[in-house]
Structures are given as structure tokens and as C-alpha cells.
Amino acid sequence: MLYIDGEWRGAQSGSSFEVANPATGEPIGDVADGTQQDAADAILAASEAFSGWSRLTAFERSEYLQRAYQLMMERKEALARLMTEEQGKPLKAARNEVQYAADFFLWYAEEAKRVYGDILPAPRSDQRFLVLRQPVGVVAAITPWNYPVSMITRKVAPALAAGCTIIVKPAEQTPLCAMEVFNVLHDAGVPAGVANLVPTADPAPVGDEFVTNPAVAKITFTGSTEVGTMLAGRAATTMKRVSLELGGHAPFIVFDDADPEYAAKGLSLLKFLNTGQACISPNRIYVHDSVSARFLEVLEERVGRMRAGNGLEEGVAIGPLVDAPSLEKVDRQVQDAVAKGARLRAGGTRLMADGMDRGFFYAPTVLSGVTRDMEIYNNETFGPVAPVIEFDNEDRVLALANDTTYGLAAYVYTQNLGRAMRMFEGLDYGIVGINDINPTAAAAPFGGMKSSGWGREGGREGITEYLETKLGGFSI
Ligand code: NAD
């Protein structure tokens, strides 16, 4: 269903599309297929609601967000189960995501009250300068399927806190999770038109309305660099503000002074999270020559113990990939690497046993001896493959790590404080984990440099993306 102007309704076309479980291929729901006209209606509703919502006090807006936090926490288990069915990640990971998603409501319920202005020294004695921060206006958001709840709240919470109204177009693979987020907002009493949802099976016409409709002041997008670049280019013709969270190609560097067992444990937990379908997933694993044997041994052993299957089953660590093209891309990258001389140490095949042939499962895979001529070295994988590259020198590995158009997340394992600081400062990435595999939280700014995007989500920075700065010069 679409959620427009405070009501659930069907699409103007009357048509709908099926949503399937990627672990079993079975249909799990039927969702109204929003059209360009539906998107225009949602934008109109958001425009009409803007004046009332933006004039509420920050304390009032905060209360709605606090209620949304409470409701999402109450519904955590049901929402996590739905996420596992619709997106495929194991239930434990789905619970973690719901918690992360709810945290944005709470964090921005608090940040709503910390949007301060400034009084500046003016050049004349009869002049006063005041700086005011005001909501940008109507926001159009496009979100991906891999984190189907948190990628919505990471946009909706700061937008609403700032006083903006919003329309969300969720990914076509995961509209059911999006609908549950909007049920939370509805039940929290968020006024009609403030937050609207337009699911669709065909994103282009809805996206077209977002970037061309003059009532939209800002586009916020999370997804591939290709689509994000296209949307940003089109949004520029009407000077809409744009925030982009795009792809990544994260380096994971293990130095000779690090504990290779600890690093291998960290990598196995991080790389296979969400079956590798994360923008901050390590894609190039650089391990110093002197510790690579032990690192690979521990990694292989841990990967060998991972069980793939339906995420609702106990003990499953690897869920399915989202669709058939993703499976083909992962396998193509692995086969290309092996053909060019990489050593396959684990996995390397599609999984078909125990009914897994009905879903899109790929075995957790470890490759060593990966080189720069291989496709996997150069492109984001978005799958459960750990490509290991050996190195012998700090300056060289830093240059290799930075030698990509992406700049989202990077990870470093070292016990040397000076080296940790040099890497933190030298890596051209928006997020750097030092002996840390989870440098993310609602309170922390998340985002990338270079082709990984514009702007930051979360943290103090996240709300500024939804604010305009206005200067007042007063002669008295
Ligand atoms: P995608 O760009 O194909 O899809 C993302 C969203 O864009 C979906 O809602 C989709 O429907 C929409 N979309 C697609 N074509 C469109 C069009 N022509 N007009 C308007 N909207 C359109 O990306 P994907 O492959 O589904 O998602 C994976 C990508 O997302 C990866 O590159 C990943 O790194 C990135 N990602 C980034 C972050 C981050 O925070 N930086 C987080 C999650 C995912």
C-alpha cells in the first residue's frame, strides 16, 4: 500500500506487484505499485503539511520521534522476522538492524532540540548579525533493500526533527519493511502529509517526479553510485539540495604488528555480515606477508564453520543474496579471479542442497593471491567473498588502499599507535575502523568521500543536511 496524506491507499493504476522471500522464492506479499502521479500526490501532501510541521516547536517534533522509537522497540521482534523473510539476513542481524534503525528516532528526537542559531560580531556598531537554521522544505528520499529499515529511519528521523516533510520511495525488493516503518510513524501520531510512502516496482517514473517536481527542495539517496550520479545530475537543473550515500570498496589492512587471529576473527564477522551485501563490507583484504599464513588459516577455519540457509533457522550465519543477477555477479568475479591465478581456499560455488536451490545462496568464499588485474580487485562485490592480497610495506599499502574512486569505509589492524594515526589521517575514506569492525552508530557521522557520496547521515552532522542557514543583518 501507499501511505499518502496520513492514509493507506492503493495505486492510481490499480496495479500491484509481488514481493518474494529470497531464501525460498515464495511470495510473501502483494504491494500497490505506485505511479508517477502517486508520487506527485505525495509531494503535494508533503508540501501542504510543511507549514504546520515546520512551525511546531522542536519539543513537539521531538515527542513524535520519541513515540516512534518506543513503538519500534515494542515491535522489534515482528519487524526483525519480517526483515528476515523479505530481505534474507539472519534473524539476529535483523534484530540488530531494527535496534540501529530505532536509535535514529531517539537520537534525532534529542538533536531536534539542539538546532541552534548564532549571533555574530558585526562590522558596524549599529548593525547586528543573526544566523538562523531553518528546514530546507520537502524532501524526497530513495532507499535500498540491503538495510531496509535503518536506511529509511536514517533519513526520516533527521528530516522530521529539522522540520522537513518527506516522501520515501523504498527499494522494490523490500516494500513490506518500509510499510511497517510507516505504520510506526502513523501510530506515533505523526500528522497527515508529514511522512509519505510510495512503493513501486518501476523506480524510474517516481524518481523522475522527485527530481523534476519544483516543490521538492531536497533529494536524499542511498544506493548505487550509478543511479545516485544520474539523480544528482538531474536534480541540479532545479538546484535541489542533494545528499548521496553510494557504493564502497573498502580496504581491510592487517599489519605485521597486529594479532592475525584477532584480525581474521574480525574479518570473518564483518565480511559475511548480511552476506557481504553492505556498502561498508571489506572488499580488498591486504595482509602483511609475515602474518598472512596464520591469518588465512584462522579465516578458513571460521568460514568453514559458517552455515548458510533460511535466516529464521537457528545457527544460520549466511543468508541468500538478493536476486539472480547478484548471484551471477559474485560467481563471475570469483571465476575471473581463479582463472587469473587466485587460489580458492573456501567456497566458490552456488549452494543448492537442502532446498537452497530455490533461493540465491552462494558459499562463503576465501581467495588468496588476488592481484590488480582481477575484476574482484577493482569492483564492489556485494557478496560473501573475501579476496586476500599480500603486501610488505606501509606506504605501498596506503597507496593501494587509496587507489580507487570509492571512499566510504576502511579498516586497519595494528598495535602501533603512530601507524594507526598515520593510517587514520592518510586513508581517503569517510569512516576508518582501527582494530574496530563496527564504527557505526546513530550518534556517528556516516558517509563517504569521492564517488561514495555527498554529505553525512547520523550524528550531529545528519540533521544539518536538512537545514538551510539564513543570515539576518539588522540595522538598529
Ligand atoms: P540501486 O541504486 O539499484 O537501488 C537503490 C535505490 O534506487 C532503490 O530504491 C531503487 O529502486 C532506486 N532506483 C534504481 N533506479 C532508479 C531510477 N532510475 N530512478 C530512481 N530510483 C532508482 O542500488 P542497489 O544495487 O539496489 O543497492 C546496492 C548499492 O547501494 C550498493 O552500491 C551499495 O554500496 C549501496 N549502498 C550504500 C549505502 C551507503 O550508506 N553508502 C548503504 C546501503 C547501500
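On a predicted model such as this, the values are computed, not experimentally measured, just so you know. Only heavy atoms go into these numbers, but all of them, side chains included; no hydrogens, no water, no symmetry mates. Read the numbers this way: they start at 1 and go in the same order the structure lists the ligands and their atoms.
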Ligand 1 versus Phe210: contacting region, heavy-atom distance under 4.0 Å = neither
Specify side chain, backbone, both or neither for Gln277, according to which of its non-hydrogen atoms lie closer than 4.0 Å to ligand 1.
-> neither
Is there a donor-acceptor contact under 3.5 Å from the side chain of Gln277 to the main chain of Val322?
-> yes
Residue, atom name and distance, where the atom is the protein heavy atom closest to atom 7 (O) of ligand 1 | Phe221 CE1, 3.2 Å
Report the member of Gly458, Cys279, Pro203 with the shortest heavy-atom distance to atom 21 (N) of ligand 1.
-> Pro203
Do the rings of Tyr108 and Phe104 sit parallel, tilted or perpendicular, given the 30° and 60° boundaries?
-> parallel
Distance filter under 4.0 Å to Phe382 heavy atoms, resulting ligand 1 atoms = 28 (C), 31 (C), 33 (C), 34 (O)
For atom 35 (C) of ligand 1, the option (of Gly223, Gly247, Ala250) bearing the nearest heavy atom | Gly223
To atom 44 (C) of ligand 1, the nearest of Asn146, Asn283, Thr440, Ile142 on a heavy-atom basis is Asn146
For Leu408, atoms of ligand 1 separated by under 4.0 Å from a heavy atom | 41 (N)
Report the relative orientation of the aromatic rings in His186 and Tyr3; use parallel for angles under 30°, tilted for 30 to 60°, perpendicular for over 60°.
-> perpendicular
Could you give me the CA-CA distance, side-chain angles and deciding distance for Gln12 and Thr35, then say whether side-chain hydrogen bond (donor to acceptor under 3.5 Å, both in side chains) is met?
-> CA-CA 7 Å; Gln12 304 241 349; Thr35 63; 5.6 Å; no
Would you find a donor on one side and an acceptor on the other, under 3.5 Å apart, between the side chain of Thr229 and the backbone of Thr225?
-> yes
Taking the six-membered ring of Tyr406 (Phe, Tyr or Trp), confirm whether the NZ or CZ of Lys450 is under 6.0 Å from its centre and within 45° of its axis.
-> no
Trp53 ring center near Tyr64 ring center (under 6.0 Å) = yes
Note: Glu85-Arg81 ion pair, threshold 4.0 Å (strictly below) = no
Passes side-chain hydrogen bond (donor to acceptor under 3.5 Å, both in side chains), Thr381 versus Gln333? Steps please.
-> CA-CA 8 Å; Thr381 304; Gln333 288 196 355; 2.8 Å; yes
Return a yes/no value for Gly207: is any of its N or O atoms, backbone included, closer than 3.5 angstrom to an N or O of ligand 1?
-> no
For Thr143 and ligand 1, does the shortest N/O to N/O distance drop below 3.5 Å?
-> yes
Any N or O on Arg154 sitting closer than 3.5 Å to an N or O of ligand 1?
-> yes
Should the pair Asp38-Arg9 be classified as a salt bridge under the 4.0 Å nitrogen-to-oxygen rule?
-> no
Would you say the side-chain atoms of Arg284 pair up with the backbone N or O of His249, donor to acceptor, closer than 3.5 Å?
-> yes
If you have a sec, work out which protein heavy atom is nearest atom 18 (N) of ligand 1 and how many Å separate them, to one decimal?
-> Met230 CE, 3.5 Å
Closest candidate by heavy atom, reference atom 37 (C) of ligand 1, pool Asp323, Ile431, Leu246 | Leu246
Identify, by atom number and element, the atoms of ligand 1 in contact range of Trp145, meaning under 4.0 Å from any of its heavy atoms.
-> 24 (P), 26 (O), 27 (O)
Which of the atoms of ligand 1 are close to Glu380, meaning less than 4.0 Å from one of its heavy atoms?
-> 31 (C), 32 (O), 33 (C), 34 (O)
Looking at Glu245, which atoms of ligand 1 are within less than 4.0 Å of one of its heavy atoms?
-> 37 (C), 38 (C), 39 (C), 40 (O), 41 (N)
N/O to N/O below 3.5 Å, does that happen between Ser224 and ligand 1?
-> yes
Proximal ligand 1 atoms for Glu172, defined as those under 4.0 Å from one of its heavy atoms | 10 (C), 11 (O)
Between Arg133, Arg241, Lys218, which is the residue that forms a salt bridge (Lys or Arg N to Asp or Glu O under 4.0 Å) with Glu468?
-> Arg241
Tell me yes or no: between the side chains of Arg154 and Tyr147, is some donor less than 3.5 Å from an acceptor?
-> no
Heavy-atom gap Gln173 to ligand 1 smaller than 4.0 Å | no
Kindly state if atom 4 (O) of ligand 1 has a protein heavy atom within a strict 4.0 Å cut-off, that is, under 4.0 Å?
-> no
Specify the protein heavy atom at minimum distance from atom 16 (C) of ligand 1: its residue, its atom name, and the distance to 0.1 Å.
-> Val227 CG1, 3.6 Å
Taking only heavy atoms of Lys169 into account, list the atoms of ligand 1 that are under 4.0 Å away from them.
-> 9 (O), 10 (C), 11 (O)
